[in-house]
Amino acid sequence: MKKKKIKAIIFDVNGVLAMDKDKKSSVHESVHESMAKVLDVHLDTWFDAIDTTYAKSIEGKGTKEGVIKRIADNLDVRTEKLQKLLVKHYRRGFRRNWHLYKIAWKLKRRGYKIAILSDQWHVSKDVFIREKDERKFDVSVISCDVGMRKPNPKIYRLTLKKLKVKPSEAVFIDNRDWNTKPAKKLGIKTILFENNNQCLKELRKMGVRI
Ligand SMILES: [Mg+2]
């Protein structure tokens, strides 16, 4: 049987294009602890304050301003202060994986379509995905923009549709197996991301010219 040619490569952001500085917890996890500490509230109080607003925001409910205001009101802090602190602590917790970004752009020059598929809430999106970087991808599917998140199969189907490729013509790179599983089920080739070298090796094994 002839191997289907890969036409598109889809990249996750956190843990792939954006690497956590802390090896033990992801920046999305550790930011909660940092925020509780800097606001001098119990971690439980912080979680009560963000409550469902945070989770719903990942699925696109509300606006960035509305989401921040609701949480700020719950904590009795100023909206601008909360916004600044959140951005600061998100920024502190990660570094951009420039090597992989460069590989993505090289793939695009070689004729492959490249995409971003990421779960973000309204507040973290701008921190992790800079507009000028996002524009260099053919397709960008961010949960808070499209109103659904991984591992909902619909978000993978939407990404394929936007890329105009069949599942077997795409590779999806993510650092969580619960996110790669539904993709695999749809027939998309998957790479469980560990590091750049491992990822490159697996891409080459799939016949991707790099
Ligand atoms: Mg991830």
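Bear in mind the structure is a predicted one, so any value in this text is a computation, not a measurement. Every number for a ligand or one of its atoms is a count from 1 in the order of the listing.
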Between Tyr54 and Trp121, how do the two ring planes meet: parallel, tilted or perpendicular, split at 30° and 60°?
perpendicular
Check the orientation of Tyr90 and Phe128. Use parallel for under 30°, tilted for 30 to 60°, and perpendicular for over 60°.
perpendicular
In terms of side-chain heavy atoms, does Asn14 have a donor or acceptor partner in Gln120 at a distance below 3.5 Å?
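Present: a donor and an acceptor within the cut-off.
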Check whether the side chains of Asn74 and Asp48 place a donor and an acceptor atom closer than 3.5 Å, and report yes or no.
no
I need the Ser140 OG to Ile10 CD1 distance, nearest 0.5 Å.
12.0 Å
How many angstroms lie between atom CZ of Phe137 and atom CD1 of Ile129, to the nearest 0.5 angstrom?
9.5 Å
At distances under 2.8 Å, what protein N, O or S atoms surround the Mg ion (ligand 1)?
Asp12 OD2, Asn14 O, Asn175 OD1
